[in-house]
Every structure is written in C-alpha cells, then in structure tokens.
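The next block holds one structure in the form of structure tokens; read it before the comments.
Model, not experiment: these values are computed from the prediction.
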There are 2 protein chains.
Amino acid sequence: MNKNICPGNVCAECGFRSSVFSKLSDEQLDQLTANKTFNFARKGETIAKQDSPIKGFIFLRVGLAKLTRVNPDGREQIIGIATPNDFVGLLSIFSSKSYQYNIIAIEDCEYCCVDYNLVMNLISTNGDFAKTLLEKISQVSDLMMGTRLDLELRQLRGRVAFIICYFANEVYKSPKFNLPISRREIAELIDMRVENVVRILSEFRRDNIIRIEGTTIEIVDPDKLRWIKMHG
Amino acid sequence: MNKNICPGNVCAECGFRSSVFSKLSDEQLDQLTANKTFNFARKGETIAKQDSPIKGFIFLRVGLAKLTRVNPDGREQIIGIATPNDFVGLLSIFSSKSYQYNIIAIEDCEYCCVDYNLVMNLISTNGDFAKTLLEKISQVSDLMMGTRLDLELRQLRGRVAFIICYFANEVYKSPKFNLPISRREIAELIDMRVENVVRILSEFRRDNIIRIEGTTIEIVDPDKLRWIKMHG
DNA sequence: AATCAATCCTGTTATATATCAATATATATA
DNA sequence: TATATATATTGATATATAACAGGATTGATT
C-alpha cells in the first residue's frame with residue numbers, strides 16, 4: 001500500500017467529509033487527513049483479508065468491491081457489494097480485532113485508510129462524531145440485514161430479478177449497465193448455483209424482460225422485472 | 001405499561017449495569033435509573049411493534065422474546081431470539097425513528113425501558129459510553145448477520161439441528177430444555193415449512209438423536225446432531 | 001495462430017422442499 | 001362439559017432446485 005497524495009478533491013469536499021466525518025472540527029479533520037493513506041486496488045485485488053488484523057477504517061472513494069467470507073464448509077459467500085462513499089467493514093470494526101470479511105475489488109478502486117487509533121480517540125472525545133458513527137453503522141447494518149432477509153424468502157427467479165434491480169437502481173442508477181461480476185459471483189451473492197443463474201438470465205432474455213450483450217445488461221421491461229422480484 | 005419499582009437488585013448490580021452502561025459515572029447511572037420504566041410482558045404479548053415510534057432503549061431482564069418482521073408478501077419472519085441481558089432493537093435504534101421489528105414475548109418477560117433522549121444526550125457527552133455502545137451494537141449485528149449467513153447455506157436438516165443446538169447451548173445452556181416456541185415459529189425462524197420441521201424432528205427422534213416429551217426436548221446424541229448441523 | 005483455462009450455456013436427471021390432504025392432539029372458549 | 005380453534009403429525013404428490021454431462025464461447029498466455 002502506498003501513502004500518497006489524494007488525487008481527488010481535498011477531503012473537505014470529498015464524500016469522505018460529507019458523511020461520517022461531518023461532525024468533526026476543521027482541526028480534527030486536518031488531523032485525520034494527515035493520518036490517512038490513499039490507495040489503489042486493481043480489479044480482483046484484495047483490499048482486506050478475512051481474519052487479518054484491522055489496520056484502520058476503509059473508505060471507498062471510487063469503484064466497487066465485494067464483501068465475501070469463506071464459511072465453515074469452505075464455500076465462498078458474497079455478503080454484499082460496497083459502493084463509492086461507503087465505509088467498508090464498518091460492521092465488525094468495533095467488535096473484533098480482525099476483519100470478519102474479505103474486501104475484494106470488482107472494479108478498479110481508490111480508497112482511503114484512516115488510522116484506527118485516531119478514530120477511536122475521536123470517538124472518546126467527540127460524542128457527536130460517535131453518534132454519527134452509530135447512525136451510519138446502524139444504517140449499514142439494517143440495510144444489509146434487510147437485504148439478506150428479503151432474499152431468503154424469495155425463490156430463484158425473484159432473487160435474480162432482485163439483483164438486477166439492485167445494480168440498476170442502487171449502484172449504477174441506470175437501466176443499462178455493465179455487470180461487474182461473473183455468473184458465479186452472482187450465484188455466491190444470492191445463494192444459488194451458477195447453472196441456475198445462467199438459465200434464469202436466459203429465460204428473462206427470452207421473455208424480453210432484459211437484453212444481454214456481452215457483459216452489458218439492459219432492463220427492457222422494468223414492470224415485469226419488478227413483478228418477478230416481488231412475487232417470483 | 002406500568003412504571004414500577006424494579007423488583008430485582010438495584011441497577012448497579014443488575015446485568016443492566018454490567019454491560020452497556022459500565023462506563024457511566026454513578027451520577028449518570030442514577031440519572032438513567034430515575035428515567036426508566038420497569039415493565040412486565042406475559043407470554044405472547046407485544047413489547048414493541050414494527051413501524052411504531054421508538055420510545056426508548058429496551059433492556060430485557062428476564063425471559064425470552066422473539067424479533068419478527070412482516071415482509072412485503074405478508075409472510076411473518078422471525079429474525080432472532082432475544083435472551084436476558086440483551087438490549088433489544090439496538091440494531092435499528094440509531095437509523096430510524098420507528099422499530100424495524102416486532103418484539104414479542106415468548107416467555108413471561110421483565111424489561112426496562114430507558115428514555116431515548118437521555119441516552120442520546122449521554123452519548124454526546126460521554127465518548128467512552130458511546131464507544132461501549134458501538135461495540136455492543138457491532139457484536140449484536142455481527143452475531144445476527146453471521147447466524148443468518150450460516151443458516152442460508154444449510155439445508156433443512158442442518159437448520160433444524162442448528163436451532164436445537166442454539167437453544168441448548170446459547171439460551172438454556174443445557175442439553176434438556178423446554179422449547180419456548182411452536183413448530184410454526186421454528187419454521188418462521190429458519191425459513192422452512194411447518195410440516196418439514198415436524199417431519200425432521202420426528203426423524204431425529206426416530207434416529208435416537210433427540211428425545212421429545214411434550215414440549216421438552218433433550219439432546220441424546222450431541223455428536224451426531226453436531227455433525228448434521230455442520231454437514232446436513 | 002495454437003493452447004489452455006475459465007466462464008457461459010443448455011439439456012437431462014436426481015434430490016430436496018413445498019404443497020395438499022386428512023387425522024390426531026392439544027388449547028382455549030362458551 | 002361441550003365446542004371451537006390452533007397446533008402437531010403423517011402420507012402422497014407436485015414443484016423447485018441441485019447435480020451431472022457435454023459443448024460453446026471467451027480471454028489469457030505462449
């Protein structure tokens with residue numbers, strides 16, 4: 001990892017500032033900025049490794065990353081996708097000395113890593129900052145939990161529809177997008193088998209619900225897709 | 001709900017004190033104690049209702065409660081069991097003005113409800129308290145998430161074994177216990193159908209893995225049960 | 001261009017789970 | 001006590017999903 005100058009705007013204007021750190025004084029923010037590293041991760045590279053010690057708070061500036069874990073059977077499970085301006089791994093940072101999940105870039109990423117001890121000190125001295133952090137953690141946790149619970153009681157078609165809508169609405173905010181993960185990874189994300197992911201995608205294409213061109217997916221019939229997401 | 005004198009030990013000696021509020025000064029704790037209500041809930045009664053406004057922090061002193069939610073399809077899902085000394089609903093209390101889940105007693109319960117605004121003020125003024133809270137939230141969230149993720153990739157036999165082990169090891173700390181929930185509720189908890197819960201329990205009994213007498217369950221062959229939990 | 005490996009895709013078959021039906025048992029209510 | 005109502009149970013059947021097999025396509029490497 002390289003400690004570099006952040007190539008983007010200064011922190012005060014970055015998503016970095018606007019979200020979790022908004023309650024810090026200018027002085028405290030300067031202190032933080034001085035104690036962070038700026039990093040790149042190419043697609044496929046690991047940003048953090050499950051069970052390895054937590055070095056700091058990871059703020060994803062640009063790109064997408066997957067959060068994965070290897071379950072006891074050795075099967076790999078993707079538990080979520082991190083998008084720009086996310087604090088990744090926030091969930092477990094207060095309950096463990098090591099990361100509970102792998103964080104792996106699925107697009108080229110830029111991220112900042114903020115010193116762990118410094119943040120901990122700020123929490124102790126700045127209660128409003130702590131409150132913001134509590135809110136953020138709570139949101140992230142709620143969202144993830146809600147997503148998993150939603151997925152659990154859908155069957156395969158519903159799950160595939162769900163994930164297509166997720167990328168279109170939440171990640172790319174466009175009905176046409178470049179699917180950043182393989183069929184295998186979709187399967188790992190929504191707990192199904194690769195063959196069935198493929199099959200159902202083909203089925204959706206056959207029924208003119210989506211269009212597939214190489215790695216690009218376009219939603220053609222959003223109503224029907226939404227219906228399947230809810231009732232499939 | 002009645003505002004009563006707590007019949008147990010004073011807060012300073014209660015689980016209440018020992019966990020999340022350990023970093024408070026005596027003065028702050030007194031303040032908190034003065035602003036809490038003590039309540040009973042009989043088996044089946046609702047302690048908090050999904051989508052209703054959050055009144056305060058709920059601390060479960062005695063008894064068991066289930067956390068449920070009604071998903072968009074109207075199907076009821078149990079997302080977890082709260083045990084004594086749990087802060088229930090902690091997960092969403094910072095991200096929402098209303099409860100994300102129902103909290104329903106499955107045994108007679110005693111619980112305290114601590115004033116919301118007071119806790120919020122304490123967070124702002126006492127950073128170490130905030131940190132403790134962050135840790136607690138993080139733990140709860142991790143545990144719940146981990147449980148759901150574990151359950152997701154098990155099949156039915158594995159899930160049933162999981163839930164029996166859960167009650168024996170985590171809740172009652174004994175191989176013989178009184179199952180506090182119905183077959184239907186087990187089904188809602190581990191995402192399966194009542195008939196299959198019954199069927200698999202009978203199967204386990206037939207195979208001399210458990211003994212069932214009325215509402216009592218006893219684990220007879222813990223090794224085999226653990227094996228099924230892991231590989232079933 | 002040739003080779004290899006990974007991913008993608010489709011059909012067939014096996015297995016797990018849900019659904020339906022019918023009865024028994026317990027629990028609440030009048 | 002009698003009657004209704006929810007829960008528990010078991011069997012038969014339908015459906016959804018996984019597993020297996022074989023081929024097509026893509027991408028990287030030599």
Side-chain angles (χ1 to χ4, degrees), chain A residues 42-45 66 71 73 75-78 104 106 151-164 178-207 210-217 228-229 231-232, chain B residues 42-45 66 71 73-78 104 106-107 151-164 178-207 210-217 228-229 231-232:
Chain A
R42 293 213 157 276
K43 179 174 177 162
E45 279 179 9
K66 61 176 177 179
N71 87 306
D73 311 353
R75 203 166 139 188
E76 183 146 324
Q77 213 174 2
I78 301 180
I104 301 171
I106 55 176
L151 279 173
E152 274 176 25
L153 17 89
R154 290 193 162 80
Q155 23 200 58
L156 300 195
R157 258 157 275 268
R159 283 186 231 162
V160 173
F162 183 96
I163 210 64
I164 295 172
N178 234 306
L179 194 68
I181 55 176
S182 69
R183 307 288 190 263
R184 159 172 303 279
E185 286 172 311
I186 294 180
E188 286 167 355
L189 181 55
I190 57 182
D191 277 311
M192 48 190 287
R193 297 293 158 168
V194 191
E195 295 94 321
N196 288 324
V197 174
V198 171
R199 215 183 299 276
I200 289 168
L201 282 174
S202 305
E203 202 179 298
F204 285 176
R205 179 183 45 197
R206 178 170 50 72
D207 297 344
I210 60 172
R211 196 171 297 143
I212 307 176
E213 281 171 50
T215 156
T216 302
I217 287 190
I228 296 173
K229 173 183 155 185
H231 309 99
Chain B
R42 292 211 159 276
K43 179 172 177 164
E45 279 179 10
K66 61 176 177 180
N71 86 306
D73 309 352
R75 202 167 140 187
E76 183 147 323
Q77 213 173 2
I78 301 181
I104 300 171
I106 54 176
E107 289 178 348
L151 278 173
E152 274 176 26
L153 18 89
R154 289 191 163 82
Q155 26 199 59
L156 300 196
R157 257 155 276 267
R159 282 185 231 163
V160 173
F162 184 96
I163 210 64
I164 296 174
N178 234 305
L179 195 67
I181 56 176
S182 68
R183 308 286 191 262
R184 161 173 301 282
E185 287 172 311
I186 294 179
E188 286 167 355
L189 181 55
I190 56 182
D191 277 309
M192 47 189 287
R193 295 294 158 167
V194 191
E195 295 93 322
N196 288 323
V197 173
V198 171
R199 218 183 297 275
I200 288 167
L201 282 174
S202 305
E203 202 180 298
F204 285 177
R205 179 184 43 198
R206 178 172 52 71
D207 297 344
I210 60 172
R211 194 172 297 145
I212 308 176
E213 282 172 50
T215 156
T216 302
I217 287 190
I228 296 173
K229 172 183 155 187
H231 309 99

Minimum side-chain heavy-atom gap [X]-[Y] below 4.5 Å:
| X | Y | answer |
| --- | --- | --- |
| B:S182 | B:E185 | yes |
| A:L151 | A:L189 | no |
| A:F204 | A:V160 | yes |
| A:Q77 | A:D191 | yes |

Interface polar pairs with nucleotides 6-12 of chain C, N/O, under 3.5 angstrom:
unit_1 : atom_1 : unit_2 : atom_2 : d
C:dC8  : OP2    : A:R183 : N      : 2.8
C:dC9  : OP2    : A:R183 : NE     : 2.9
C:dC9  : OP2    : A:R183 : NH2    : 3.1
C:dT10 : OP2    : A:S202 : OG     : 2.5
C:dG11 : N7     : A:R199 : NH1    : 3.0
C:dG11 : O6     : A:R199 : NH2    : 3.1

Could you tell me how far apart [X] ([atom1]) and [N] ([atom2]) are, to the nearest whole angstrom?
| X | N | atom1 | atom2 | answer |
| --- | --- | --- | --- | --- |
| B:I200 | D:dG11 | CD1 | P | 15 Å |
| A:D191 | C:dT17 | CG | P | 13 Å |
| B:L156 | C:dT15 | CG | P | 16 Å |
| B:L153 | D:dA18 | CG | C1' | 14 Å |
| A:Q155 | C:dT17 | CD | P | 14 Å |
| B:E213 | D:dA8 | CD | P | 17 Å |
| A:R193 | C:dT13 | CZ | C1' | 16 Å |
| A:M192 | C:dT17 | CE | P | 16 Å |

Between N or O atoms, less than 3.5 Å apart, protein on one side and nucleotides 22-30 of chain D on the other: list the pairs.
none

To the nearest 0.5 Å, what is the distance between [atom1] on [X] and [atom2] on [Y]?
| X | Y | atom1 | atom2 | value |
| --- | --- | --- | --- | --- |
| B:E203 | B:I228 | CD | CD1 | 8.0 Å |
| A:N196 | A:R183 | CG | CZ | 13.5 Å |
| A:R193 | A:E188 | CZ | CD | 10.0 Å |
| A:I78 | A:I106 | CD1 | CD1 | 7.5 Å |

Using only atom types and a distance under 3.5 Å, with no angle test, would you say the side chain of [X] pairs donor to acceptor with the backbone of [Y]?
| X | Y | value |
| --- | --- | --- |
| B:R159 | B:R154 | yes |
| A:R157 | A:I200 | no |
| A:R205 | A:I212 | no |

What pairs of nitrogen or oxygen atoms, one from the protein and one from nucleotides 25-30 of chain C, lie under 3.5 Å apart?
none

Partner lookup for C:dA30, please. Criteria are Watson-Crick or G-U wobble with both distances under 3.5 angstrom; report none if nothing qualifies.
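In the structure as shown, C:dA30 has D:dT1 as its Watson-Crick or wobble partner.
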
